[in-house]
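What follows is a set of notes on a single structure, which appears directly below.
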Amino acid sequence: MKVVGVPVQVWGVVALVLAVVWAFVWPQRDVDGPAYLILRWGHALVWLLLAVTAFLAPAASTAAKRTGMAAGVVYFAFLATITITG
């Protein structure tokens with residue numbers, strides 16, 4: 001399976017690298033509770049879920065779709081939190 005002529009496994013590796021990067025780089029805001037967790041780990045989790053989606057896509061399309069949708073939900077929560085906390 002390929003996306004834009006590139007195997008999905010390559011996209012999965014790229015997403016894993018980005019997940020590691022975002023595990024060390026995050027919006028440094030003075031927030032507590034759930035907002036802190038979302039800002040601290042949300043973006044990295046999105047990329048991890050996208051990597052899992054890429055690796056699942058060739059073998060388990062239903063699981064890949066669900067994981068991809070979960071990535072979208074987490075990303076929406078991340079964007080909403082970063083917007084609200086200013």
Side-chain angles (χ1 to χ4, degrees):
M1 175 179 260
K2 294 183 178 188
V3 176
V4 193
V6 179
V8 290
Q9 293 83 359
V10 173
W11 291 114
V13 170
V14 169
L16 278 177
V17 168
L18 288 170
V20 170
V21 168
W22 294 121
F24 293 101
V25 179
W26 74 92
Q28 306 273 329
R29 305 259 168 98
D30 191 23
V31 293
D32 293 327
Y36 173 78
L37 289 176
I38 293 170
L39 290 178
R40 174 64 183 93
W41 296 109
H43 209 193
L45 180 59
V46 168
W47 285 104
L48 180 63
L49 288 170
L50 289 174
V52 170
T53 300
F55 293 130
L56 285 175
S61 65
T62 302
K65 288 176 187 175
R66 289 182 180 162
T67 309
M69 290 192 320
V73 170
V74 173
Y75 190 60
F76 177 76
F78 176 77
L79 288 179
T81 304
I82 204 164
T83 302
I84 291 168
T85 60

**Study point:** Linked, directly or transitively: V14 and V25 (ILVMFWY side chains, under 4.5 Å)
**Key:** yes
Exercise for review: Group every Ile, Leu, Val, Met, Phe, Trp and Tyr by side-chain heavy-atom contacts under 4.5 Å, then state whether V31 and L79 land in the same group.
Suggested key: yes
Practice item. Could you tell me whether the side chain of R40 and the main chain of A35 form a donor-acceptor pair under 3.5 Å? Key: no
Exercise for review: Using the test side-chain contact (heavy atoms from CB on, under 4.5 Å), find all partners of R66 that sit at least two apart in sequence or belong to another chain.
Suggested key: T62
Check your understanding: Which atom pair, heavy atoms only, marks the closest approach of T67 to L49?
Key -> CG2-O, 3.4 Å
Point to revise | Co-membership, hydrophobic cluster, residues V8 and V10, 4.5 Å side-chain | key: yes
Review point. Do W22 and V73 sit in the same hydrophobic cluster, where Ile, Leu, Val, Met, Phe, Trp and Tyr count as joined when their side-chain heavy atoms come under 4.5 Å apart?
Key: no
Point to revise | V13/F55 under side-chain contact (heavy atoms from CB on, under 4.5 Å): CA gap, chis, key distance, verdict | key: CA-CA 9 Å; V13 170; F55 293 130; 4.2 Å; yes
Check your understanding: So, W11 side chain and V3 main chain: donor-acceptor pair closer than 3.5 Å or not?
Key -> yes
Revision key, fill the gap. When rounded to the nearest 0.5 Å, the distance separating CG of L50 from CG of L16 is 10.5 Å
Exercise for review: Is it possible for you to say whether W47 and V52 belong to one hydrophobic cluster, with membership spreading through side-chain heavy-atom contacts below 4.5 Å?
Suggested key: no
Check your understanding: Any idea how Y75 and F78 line up, ring-wise: parallel (<30°), tilted (30 to 60°), or perpendicular (>60°)?
Key -> parallel
Point to revise | Closest approach of L39 to P27 (non-hydrogen atoms, all atoms of both residues) | key: O-CD, 3.7 Å
Check your understanding: If you measure from OG1 on T81 to CG on L37, what distance do you get to the nearest 0.5 Å?
Key -> 10.0 Å
Study note, to complete from the structure: P58 and M1 have their tightest heavy-atom pair at N-SD, 4.2 Å
Exercise for review: Locate the shortest heavy-atom distance separating R29 from I82; write the atom from each residue and the value.
Suggested key: NH1-O, 3.1 Å
Check your understanding: What distance do Y36 atom OH and W41 atom CH2 have between them, rounded to the nearest 0.5 Å?
Key -> 7.5 Å
**Study point:** Closest non-hydrogen atom pair between A51 and G12, with its separation
**Key:** CB-O, 3.5 Å
Exercise for review: Could you pull out the closest heavy-atom pair between V74 and G42, with the gap in Å?
Suggested key: CG1-O, 3.6 Å
